[in-house]
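All values below were derived from every heavy atom in this structure, side-chain atoms included, with hydrogens, water molecules and symmetry-related copies excluded. Remember, it's 1-based here, ligands and their atoms both numbered in the order they're listed.
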Amino acid sequence: MSKINKTFEYCDQLVRDFEKAIEHPIVGESSVYYTGVDLGTACVVLAVLDENYRPVAGAYRYADVVRDGMVVDYIGAVHIVRELKQELEKKLGVELLFAAAAIPPGTDALDSGAVKNVVQAAGFELTNLLDEPTAANAVLKIENGAVVDIGGGTTGISILKDGKVVYVEDEPTGGTHFSLVVSGAYKIPFSEAEQYKRNAKNHKELLPVLKPVVEKISSIINVHIKGYNVNEISLVGGTCCLDGIEEIIEKKTGIFTHKPQNPMFVTPLGIALSCRQESI
Ligand code: ATP
């Protein structure tokens, strides 16, 4: 049986440092800055690390420029990345030159060009383009098991064996569906439901309402991990911020399931960790 990684010590510390750096950017003398650009269905996140790969700044914005993992509003995406870049440059007092980006599993042939163009058009030199599960695992550091990334539009399931991604798939169910369920159940507009869902104070009340959609995701996970010897599921992505989601998934899959403290920033930080100084 493979060793189960019961804690996310490195990940939790990195995310805590990043959350602090979002609030209070660290202005210093770093010789180089590395930026991770995560272009998501619901959210665009920029994470900036210093020469020692420590978080120094970050910014994010909810946006509708990507759908099901594909860039659908190219100009909108460029504007947001450029604005976030400029905002962070102002705070840090430096120009951010290098960036890495990621693409959801299965979209590389179609969309890697668009993601690359967005990052370059926003004024970065693109130095790495990797897949999201590999980025997430740079932070989680899992040897064997499944990483389930429940974002806004999709759920990415990846299986790791000896630290390498051996299987990846992306399914079109995510946090947007959670908000639609909340909107229907509470008879409130989608945007209000989205805000309500993101407030941790409402999670206890929302969990029974959202249980069926979490169970649907659990069945999707079961289909994809069948045939693989998975004995640990690690949850990442903003939707996994929902309190208690891990318990439902664990019950439905019968597999030990856990998540880091803030699953939303794992992939953006992993992308930033993969950033280098040479263009690809
Ligand atoms: P995708 O991976 O599908 O392209 P994305 O990268 O934009 O999407 P994330 O940034 O990982 O996805 O997560 C965004 C989703 O997480 C949204 O649906 C948002 O409502 C949800 N989310 C963010 N914070 C919370 C929270 N505190 N509680 C519940 N859901 C949350």
Give the numbers and elements of all ligand 1 atoms closer than 4.0 Å to a heavy atom of Lys197.
-> 18 (O), 19 (C), 20 (O), 21 (C), 28 (N), 29 (C), 30 (N)

Quick one: which of Gly152, Cys240, Ala200, Gly175 has a heavy atom closest to atom 8 (O) of ligand 1?
-> Gly152

So for Tyr196 against ligand 1, with non-hydrogen atoms under 4.0 Å, the contacting part is neither

Numbered atoms and elements of ligand 1 in range of His203, under 4.0 angstrom, heavy atoms = 28 (N), 29 (C)

Arg198 N/O under 3.5 Å from ligand 1 N/O | yes

Tightest non-hydrogen contact, residues Val66 and Leu39, listed as CG2-O, 3.9 Å

Under 4.0 Å from any heavy atom of Thr41, which atoms of ligand 1 are there?
-> 1 (P), 3 (O), 4 (O), 5 (P), 7 (O), 8 (O)

Going by the atom numbers of ligand 1, which of them fall below 4.0 Å from some non-hydrogen atom of Tyr62?
-> 23 (C), 24 (N)

Numbered atoms and elements of ligand 1 in range of Glu194, under 4.0 angstrom, heavy atoms = 17 (C), 19 (C), 20 (O)

For this output row, return yes or no: ring centroids of Phe98 and Tyr33 closer than 6.0 angstrom.
-> no

Between Glu194 and Arg198, is there a salt bridge with N-O shorter than 4.0 Å?
-> yes

Say whether Asp149, considering both its backbone and side-chain N or O atoms, lies within less than 3.5 Å of an N or O atom on ligand 1.
-> no

Any luck finding a side-chain donor-acceptor pair between Asp131 and Thr134 under 3.5 Å?
-> yes

Check whether any N or O atom of Ser179, backbone or side chain, sits under 3.5 Å from an N or O atom of ligand 1, and answer yes or no.
-> no

Does a side-chain N-to-carboxylate-O contact under 4.0 Å join Glu246 and Lys259?
-> yes

Where ligand 1 meets Cys241 - atom numbers and elements under 4.0 angstrom, heavy-atom basis = 25 (C), 26 (C), 27 (N), 28 (N)

Below 4.5 Å, heavy atoms only, C-beta onward: do Lys197 and Leu206 meet side chain to side chain?
-> yes

Do any nitrogen or oxygen atoms of Asp38 lie less than 3.5 angstrom from nitrogen or oxygen atoms of ligand 1?
-> no

Would you say Gly237 and ligand 1 have an N/O pair spaced under 3.5 Å apart?
-> no

Would you say Cys43 and ligand 1 have an N/O pair spaced under 3.5 Å apart?
-> yes

Parallel, tilted or perpendicular, as decided by the 30° and 60° cut-offs, for the rings of Tyr228 and Tyr167 | tilted

Angle class for the Phe256/His258 ring planes (parallel below 30°, perpendicular above 60°, tilted otherwise)?
-> tilted

Contact check: Ala42 vs ligand 1, nitrogen or oxygen atoms, below 3.5 angstrom | yes

Pair Lys204 + Asp243: basic N to acidic O under 4.0 Å = no

Ion pair check, Glu143 and Lys161, cut-off under 4.0 Å | no

Based purely on interatomic distance, does Val66 place a nitrogen or oxygen under 3.5 Å from a nitrogen or oxygen of ligand 1?
-> no

